[in-house]
Amino acid sequence: MLHVKIYRDKNKQIRSYEASGHCEFEEKGKDIVCSGASTLLQVSILGMNKYCNIKPEINISEGNLICIIPELKDTLIERDVQTILETMVIGLMEIEKQYPEYLKVMQL
């Protein structure tokens, strides 16, 4: 199972997220659940880079991804970053609804 943990601050803003494990819905290269979740997790990083000019701290290894969002002073950029991240969470939760035995999303 793929476990995704979304970490929020006291204001409910997403400060980091991590994913660990494997969905095991299908063999490697054919796993649509893993592909969908991985795409959402990684495209959020690309969106923050391209549209917000933010470079989060990331660590990617086999079966693991950690993304830490830097502290932002500009409230407009923070709003855009949070919009990207909340959209990621919505997508992950929809996948979890359809495939609950393969993906678990936890918001902490």
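For reference, positions follow the sequence shown, starting with 1.
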Contact summary for [X] and [Y], nearest pair of heavy atoms:
| X | Y | answer |
| --- | --- | --- |
| L2 | G21 | CD1-O, 3.6 Å |
| E86 | K12 | OE2-O, 4.2 Å |
| P56 | P70 | CA-CD, 3.8 Å |

Practice task
Mind checking salt bridge (Lys or Arg N to Asp or Glu O under 4.0 Å) for E94 and listing every partner two or more places apart, or none if nothing turns up?
Solution key: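 For E94, the residues satisfying salt bridge (Lys or Arg N to Asp or Glu O under 4.0 Å) (neighbours in sequence not counted) are K97.
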Problem - Set of salt bridge (Lys or Arg N to Asp or Glu O under 4.0 Å) partners for E24, sequence neighbours left out - result: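 Partners of E24 by the salt bridge (Lys or Arg N to Asp or Glu O under 4.0 Å) criterion come out as none, since no residue qualifies.
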Separation of [Y] [atom2] from [X] [atom1] (nearest 0.5 Å):
| X | Y | atom1 | atom2 | value |
| --- | --- | --- | --- | --- |
| C23 | H3 | SG | NE2 | 10.0 Å |
| L92 | T87 | CG | OG1 | 11.0 Å |
| E96 | Q98 | CD | CD | 11.0 Å |
| I6 | M106 | CD1 | CE | 9.0 Å |
| I90 | L85 | CD1 | CG | 11.5 Å |
| L65 | I60 | CG | CD1 | 5.0 Å |

Problem - Which residues share a ring-ring contact (aromatic ring centres under 6.0 Å, His included) with F25, sequence neighbours left out - result: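 Applying ring-ring contact (aromatic ring centres under 6.0 Å, His included) to F25 gives Y99, Y102.
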Results of side chain to side chain contact (heavy atoms under 4.5 Å, CB included) for [X] - residues two or more places apart only:
| X | answer |
| --- | --- |
| N53 | none |
| Y51 | none |
| K30 | E26, E27 |

Problem - Side-chain cluster (under 4.5 Å, hydrophobic types only) that I66 belongs to, other residues - result: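 Under the 4.5 Å side-chain rule, I66 groups with I68.
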Handout entry: Under the side-chain hydrogen bond (donor to acceptor under 3.5 Å, both in side chains) test, residues paired with E101 that sit two or more places apart
Key =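 With neighbours one apart ignored, the set is empty.
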Exercise for the section: Output every pair passing salt bridge (charged side-chain N to carboxylate O under 4.0 Å, His left out) with a member in residues 51-62, not counting sequence neighbours, ordered by first then second residue. Expected result: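 Qualifying pairs, neighbours excluded: none.
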Return a table of donor-acceptor pairs under 3.5 angstrom between the side chains of residues 32-50 and protein atoms on other chains or two or more places apart.
| residue | atom | partner | partner atom | Å |
| --- | --- | --- | --- | --- |
| S35 | OG | D31 | O | 3.0 |
| S38 | OG | C34 | O | 2.9 |
| T39 | OG1 | S35 | O | 2.7 |
| S44 | OG | Y17 | OH | 2.6 |
| S44 | OG | L41 | O | 2.9 |
| N49 | ND2 | I45 | O | 3.3 |

When the side chains of residues 71-79 are checked against the rest of the protein, which donor-acceptor pairs come out under 3.5 Å, sequence neighbours left out?
| residue | atom | partner | partner atom | Å |
| --- | --- | --- | --- | --- |
| E71 | OE2 | K73 | NZ | 2.9 |
| D74 | OD1 | L76 | N | 2.8 |
| D74 | OD1 | I77 | N | 3.2 |
| E78 | OE2 | R15 | NH1 | 3.1 |
| E78 | OE2 | Q82 | NE2 | 2.9 |

Exercise for the section: For N11 and Q13, indicate whether the former's side chain and the latter's backbone hold a donor-acceptor pair under 3.5 Å. Expected result: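 Answer holds: no.
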Problem - Cluster overlap V89 with I95, hydrophobic side-chain contacts below 4.5 Å - result: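 Yes.
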Practice task
Go through N64 and N59 one step at a time and tell me if the side-chain contact (heavy atoms from CB on, under 4.5 Å) criterion holds.
Solution key: CA-CA 8 Å; N64 294 292; N59 185 338; over 6 Å; no
Exercise for the section: Among residues two or more places apart or on two chains, list those pairs meeting ring-ring contact (aromatic ring centres under 6.0 Å, His included) that have a residue in residues 57-94. Expected result: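 Listed once each, the pairs would be none.
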